[in-house]
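Below: the structure, in structure tokens.
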Amino acid sequence: MTLRLEATVAARGLDVSLEVADGETVALLGPNGAGKSTVLGVAAGLLRPDTGRVTLDDHELTGRRVVPPHARRTALLAQDPLLFPHLTALDNVAFGPRSAGVRRGAARDRARGWLAEVDATDLAGRRPGELSGGQAQRVAIARALAAEPRLLLLDEPMAALDVAVTPALRQTLRRVLEGRTTVVVTHDVLDALLLADRVVVLDRGRVVEQGPAAEVLARPRSPFAARVAGLNMVSGRWSDGAVRSGGGRAVAGTPSGPALREGDPAVAVFRPRAVSVFREAPGGSPRTALPVVVTDLEPHGDQVRVRAGDLAADVTAHAAAELDLAPGSPVIFSIKATEVDVYPR
Amino acid sequence: MTLRLEATVAARGLDVSLEVADGETVALLGPNGAGKSTVLGVAAGLLRPDTGRVTLDDHELTGRRVVPPHARRTALLAQDPLLFPHLTALDNVAFGPRSAGVRRGAARDRARGWLAEVDATDLAGRRPGELSGGQAQRVAIARALAAEPRLLLLDEPMAALDVAVTPALRQTLRRVLEGRTTVVVTHDVLDALLLADRVVVLDRGRVVEQGPAAEVLARPRSPFAARVAGLNMVSGRWSDGAVRSGGGRAVAGTPSGPALREGDPAVAVFRPRAVSVFREAPGGSPRTALPVVVTDLEPHGDQVRVRAGDLAADVTAHAAAELDLAPGSPVIFSIKATEVDVYPR
Amino acid sequence: MTPGVPRWLLAPAALGAAFVLLPLVAIVARVPWSDLGALVTSEASRDALLLSLRTSATSTVLCVLLGVPMAAVLARTSFPGQGVVRSLVLLPLVLPPVVGGLALLYTFGRRGLLGETLDVLGVQVAFSTAAVVMAQTFVALPFLVVSLEGALRTAGERYELVAATLGARPTTVLRRVTLPLVLPGLLSGAVLAFARALGEFGATVTFAGSLQGVTRTLPTEIYLLRETDVDGAVALSLVLVVVAVLVIGLATRRRAPLRGPS
Amino acid sequence: MTPGVPRWLLAPAALGAAFVLLPLVAIVARVPWSDLGALVTSEASRDALLLSLRTSATSTVLCVLLGVPMAAVLARTSFPGQGVVRSLVLLPLVLPPVVGGLALLYTFGRRGLLGETLDVLGVQVAFSTAAVVMAQTFVALPFLVVSLEGALRTAGERYELVAATLGARPTTVLRRVTLPLVLPGLLSGAVLAFARALGEFGATVTFAGSLQGVTRTLPTEIYLLRETDVDGAVALSLVLVVVAVLVIGLATRRRAPLRGPS
Amino acid sequence: ADDGTVLRVLAASSLAGPFEQIAEEFERTHEGVDVQLSTGGSTDLVAQVQEGAPADVLATADTTTMEVAVADGLTDGEPRTFATNVLQLAVPPGNPAGVTGLADLADPARDVALVVCAPEVPCGAAAQRVAGAEGVTLAPVSEERSVGDVLGKVVSGEADAGLVYVTDVRAAGDAVEGIELPEAADVVNDYPVAALADADEPDLAQELVDLVLGDLGRQVLRDAGFGAP
Ligand SMILES: Nc1ncnc2c1ncn2[C@@H]1O[C@H](COP(=O)(O)OP(=O)(O)OP(=O)(O)O)[C@@H](O)[C@H]1O
Ligand SMILES: Nc1ncnc2c1ncn2[C@@H]1O[C@H](COP(=O)(O)OP(=O)(O)OP(=O)(O)O)[C@@H](O)[C@H]1O
Ligand SMILES: [Mg+2]
Ligand SMILES: [Mg+2]
């Protein structure tokens with residue numbers, strides 16, 4: 001199944017064009033309210049776009065005769081688990097197969113299999129009202145998967161799950177999504193990297209970036225993708241050996257890939273580890289020095305992540321203590337040009 | 001406000017005893033279905049425990065005359081945002097103050113302030129049906145905070161939030177929770193470390209571990225806490241210079257803290273970075289060598305995290321490629337004794 | 001734990017209950033218990049009671065068969081003139097039952113709108129038990145439609161949409177999601193319809209007439225009896241009431257409240 | 001997007017609508033349009049119409065004032081014997097209206113249960129406009145209670161619990177959460193009650209009598225007129241119907257469906 | 001006339017027309033008196049008086065119901081019969097079934113749809129007596145609870161014939177045709193009137209009773225088809 005979706009939804013400020021190849025898994029990233037769930041809604045047929053068209057393979061789903069949700073063979077795992085309150089977990093999961101015409105017994109067997117996949121076998125007989133948040137989410141995942149759709153739409157499947165089941169479930173999803181056309185909304189870089197072939201980044205209802213998952217997360221072009229990937233980004237124009245932002249920041253770096261000309265829009269991307277923190281500007285070296293104010297300190301593995309607005313630096317706990325860092329401290333973020341990756345925006 | 005809670009809820013297999021000191025923030029950790037939400041429900045008065053008692057300061061809330069939820073001056077942010085569908089976001093947030101007797105105008109002003117705190121000022125006029133998942137969650141946080149309760153109960157406040165707002169919101173919460181008695185349920189180690197003074201770990205309805213946040217997460221005693229902290233743990237008995245588990249694993253290490261005697265229950269804890277991965281057992285050195293099967297590989301910063309069941313090792317991408325690791329590969333996890341922290345269980 | 005209700009609400013609730021229950025007590029106090037046995041077992045009463053039960057049950061079934069689709073269409077689709085249709089469907093509620101009976105006569109009677117058509121088909125509804133059922137259905141149908149539509153609107157459409165994305169065709173959605181979810185509403189609607197049908201009198205008498213065993217339902221019997229024996233009529237109504245309580249009680253006994261995930 | 005309904009459902013829905021609407025058409029076809037003006041503007045009709053509107057509106061208000069607490073108590077608390085109370089409250093639905101009127105007489109009449117008490121207080125309710133209101137309230141109250149209780153159960157308690165944890169006292173919860181959430185149910189309940197009160201006849205005649213301007217409501221007037229002038233009675237019912245449609249239409253015009261977060 | 005004197009008259013529905021005329025006449029001759037006429041089934045009216053409905057005069061359509069009032073001591077003195085009524089056969093205009101008399105109704109071969117009043121109500125009792133006197137057994141398709149219901153069936157053409165009072169046929173105008181029943185002449189229904197013991201205006205009540213019994217009353221009633229006692 002190849003999904004082609006072009007849609008505008010004026011009430012939600014959405015205007016996107018998206019393609020998911022047969023068997024491909026696309027991760028949809030973007031800030032809250034970017035329009036991710038809306039895109040899934042349009043694909044599932046729950047929301048009629050103002051303009052645009054949706055095709056699955058070459059079958060047009062919109063147009064004169066709108067194909068209703070149930071005839072699309074898509075399954076949507078919505079942000080809210082929305083398990084049917086009057087059915088047991090087992091019957092919730094069996095709902096998809098039964099709707100596809102499978103007999104009760106066979107559907108239940110299949111449902112039991114899916115419940116086992118999400119480690120929820122012992123919840124089979126419970127009503128949704130008797131499940132914890134994470135348990136309900138797992139059953140909802142099983143229900144969506146059990147429908148064995150041609151197009152699978154998952155809205156934050158890992159939400160509410162505890163750290164102990166997440167890796168196993170990610171494994172399960174990876175296996176299940178193999179060869180199945182899927183769009184998965186996530187806020188987690190691991191989901192994007194492990195589950196998706198491609199990443200599409202939405203912001204304010206528009207696609208701001210897309211490409212192979214590893215590439216987008218290694219060399220993001222949009223601030224949000226950089227954020228998800230845990231990278232610092234300064235975007236502006238390439239001029240005189242540095243990327244200069246509108247706000248007056250200049251980050252020197254080494255352009256990679258196609259040559260940049262003076263004035264080209266470009267981004268400078270660097271890892272928090274590559275940032276050194278000083279109380280006063282280090283003298284005379286050819287480094288980039290960005291005066292910032294610390295907004296937050298948080299532990300990050302063995303280190304301390306020093307946040308200053310949208311930039312972050314990782315320093316050792318020892319260094320942090322020595323610099324006497326605290327929110328509000330004015331400091332200099334300094335980055336060696338060799339650590340800064342510069343490429344066109 | 002000091003919260004003392006002792007409760008059993010047979011239907012949910014809960015049997016806990018919990019104390020939160022005045023002004024303290026406690027993070028409640030635990031796997032799905034451990035009983036975290038149930039504990040909050042009991043504290044809020046939504047759930048009547050089968051036995052036990054709940055006191056706030058020295059005021060008994062259960063007992064002969066049960067104090068109803070509204071008279072407890074607690075506010076609960078439930079796992080599901082449950083915004084009132086007929087009220088705008090602003091009026092949802094103003095609901096708490098208005099219930100406390102604040103006049104409409106003043107309550108709305110206050111609500112506007114709280115909406116600004118969660119970066120949702122421009123959502124004020126929207127109905128919940130017109131909000132995205134993350135937007136609704138932010139409004140729900142603002143609503144709980146605006147009630148200015150004596151005891152604040154937050155169930156996974158950061159769920160559904162995007163990476164761009166999470167740090168700022170965590171900052172806000174940190175400021176707001178300062179000096180306010182709070183219980184916060186979370187699956188995120190950063191929330192626990194940054195927001196909480198103390199951590200309580202639940203498992204199957206029982207408290208399995210508690211202590212100062214930094215300490216519990218640095219030297220966990222329960223497998224789940226180790227998981228959250230991202231540490232490997234082998235628990236068993238101390239014997240002959242190693243912690244030996246029931247499953248036959250032996251991890252050599254250096255006991256810290258109070259002396260261990262032979263046969264004492266103990267845990268061996270070590271970081272994934274401290275684990276080296278070999279295809280064949282390295283000869284002759286005094287290291288611990290655990291034969292495992294790789295279940296999963298996932299990127300972890302610059303490295304690759306090699307998961308093998310409940311153990312994990314971080315290796316460089318280069319090493320992973322050289323070892324030709326893939327799920328199913330049998331490998332040896334090897335840990336230097338000096339990297340292993342051993343202490344009583 | 002239930003959220004409960006404000007304490008002061010108990011006062012008007014009790015007042016309302018008293019207002020409904022006191023007259024029942026007054027009736028019970030008036031019943032001539034000694035004659036009751038003979039009265040209830042008289043052939044006329046027995047026939048009337050059985051007829052009432054049979055026709056009311058049939059009408060309730062008809063109301064469900066016709067009313068569920070009507071409520072679903074009103075609550076779940078939109079078409080031009082929907083508001084007008086909704087108001088019009090309510091009308092039998094307002095029409096005095098006698099006029100409702102006349103309207104039915106003008107429609108299905110021998111000289112009514114459809115009378116000739118029906119005549120040609122060899123169908124004669126007037127003065128038959130079928131006419132009783134029709135009259136009861138006519139007056140009871142709006143109750144089911146209105147209360148079910150309200151329940152459908154309150155329940156919302158979210159679960160139905162989820163079901164559709166799981167591949168359930170509209171019929172499956174209706175059967176496995178919509179109806180189970182609004183079951184409390186459907187049940188109370190059916191109870192209302194049954195009660196209204198059981199108590200129906202004016203339209204029945206006007207449209208179907210009143211002949212023992214064929215068209216004379218218990219309310220009609222009570223009304224006639226009252227001309228000669230008020231106390232007997234009161235006693236017989238008590239029978240009606242007891243029967244209704246039993247039927248309704250049995251029908252709603254297992255009405256466990258359904259809840260969303262808490 | 002709405003989930004819609006199965007296509008085949010339209011057939012029974014249309015059948016049901018036709019069953020209700022055809023008789024109305026038949027009535028309209030029979031109305032003697034030329035006499036209508038004179039009939040409607042006759043003093044008797046005007047008095048009856050105004051009285052009907054006044055009393056039905058009052059009864060509807062009473063039904064809401066008494067019925068909302070009753071429904072809330074039934075749906076949101078549990079006490080021993082609740083099932084019995086629920087069934088008993090339904091009884092006026094089943095009681096033939098005439099018997100209902102008798103029951104009211106036996107309670108509030110001169111010789112009734114409370115008659116003497118009321119007499120001492122100098123209150124004479126029977127055969128006054130107040131009696132009309134009481135009779136209408138008696139028959140209409142269960143409609144409101146039943147349909148509202150269904151709506152309350154369907155809506156569930158989750159939002160009420162949330163409100164309580166935010167410090168809202170039960171009264172505040174009721175006013176700001178419960179009632180707004182079940183507004184569609186409350187509205188349809190009130191519409192049912194109003195319609196039932198407007199069409200009420202049997203209990204009114206028995207308990208309140210039929211005196212022009214005091215207790216003779218439009219249905220009574222129609223009933224009396226029917227003895228001598230069937231067409232006139234039909235025409236007058238049409239007036240009743242039109243008035244009801246207008247009132248109901250105005251009352252429910254702004255009934256926007258409420259939804260949970262989608 | 002709200003502040004004026006009010007005289008409350010309860011009368012059987014079949015008397016509505018003539019009594020309205022009588023009331024008008026009474027108001028004309030009694031300045032400041034407002035006659036309020038309340039009509040209904042005789043049983044209902046008596047029940048209302050029993051339960052304390054304010055009333056000055058009661059006129060019923062049969063003696064049985066009036067006797068209940070008398071037995072309860074509700075009347076002021078003995079009721080007096082002021083009119084009589086006899087049954088007639090009402091058929092739809094044009095008499096589509098070609099009914100001519102009682103014999104047709106009892107003939108199973110004719111299959112005439114006949115409606116009568118139930119034996120419990122006065123007109124039904126009268127119908128039974130008429131049939132009994134003739135020795136025929138009626139097989140009605142419906143036994144109605146009131147004259148109005150019988151007429152309704154005939155007017156709508158649903159029934160081929162109905163047994164009602166002659167005054168009812170008269171009041172229905174063109175909607176039905178009346179066929180006189182010779183057999184019915186012997187079965188006469190009496191209409192009694194009485195002032196009530198609890199009357200607020202006993203004198204006026206008596207005056208109204210007198211007016212009903214007097215020449216004017218007799219005239220008006222005769223115009224409506226009632227017989228003289
Ligand atoms: N029913 C609605 N009516 C109008 N606007 C809506 C509605 N639902 C959502 N929106 C708006 O449309 C935009 C896109 O919402 P959507 O739910 O697609 O966001 P999202 O990307 O899924 O966000 P999140 O990460 O918070 O779930 C948001 O600005 C939201 O406020
Ligand atoms: N209404 C209920 N009736 C019976 N059992 C319930 C009910 N709700 C929850 N449970 C069970 O009680 C246990 C504790 O549930 P709880 O919601 O407290 O878990 P939790 O720790 O909040 O989990 P999660 O992280 O998934 O939210 C679970 O095993 C759950 O299945
Ligand atoms: Mg979303
Ligand atoms: Mg939970």
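Labels below follow one simple rule: chain letters A, B, ... track the order of the sequence lines, proteins then strands, and each chain is numbered from 1. Heavy atoms only: backbone and side chains are in, while hydrogens, waters and symmetry mates are out.
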Inset, instruction - Using non-hydrogen atoms and a 4.5 Å limit, figure out which bit of C/R226 sits close to chain D: side chain, backbone, both or neither. - result: side chain

Legend entry - Contacting moiety of D/F19, where chain C heavy atoms sit under 4.5 Å: both

Inset, instruction - Give, as side chain, backbone, both or neither, the part of C/F138 having an atom under 4.5 angstrom from any heavy atom of chain D. - result: both

Legend entry - Top contributor to chain D contacts, counting heavy-atom pairs under 4.5 Å, from C/A75, C/P96, C/A11, C/P142: C/P96

Legend entry - Top contributor to chain D interface from C/L10, C/L95, C/L74 [non-hydrogen pairs under 4.5 Å]: C/L95

Inset, instruction - Measure distances from C/L102 to the heavy atoms of chain D and classify the residue's part below 4.5 Å as side chain, backbone, both or neither. - result: side chain

Legend entry - Which atoms of D/L21 approach chain C - backbone, side chain, both or neither, heavy atom under 4.5 Å: side chain

Inset, instruction - Among the options C/P219, C/A103, C/A72, pick out the one with the most heavy-atom pairs lying under 4.5 Å from chain D. - result: C/A103

Legend entry - Residue among C/G189, C/G199, C/G100, C/S147 with most heavy-atom pairs under 4.5 Å to chain D: C/G199

Legend entry - C/L240, part contacting chain D, at a heavy-atom distance under 4.5 Å: both

Inset, instruction - Check step by step if side-chain hydrogen bond (donor to acceptor under 3.5 Å, both in side chains) holds for C/S78 and C/Q82. - result: CA-CA 7 Å; C/S78 53; C/Q82 191 172 25; 5.2 Å; no

Legend entry - Heavy-atom contact with chain D under 4.5 Å, split by part of C/F194: neither

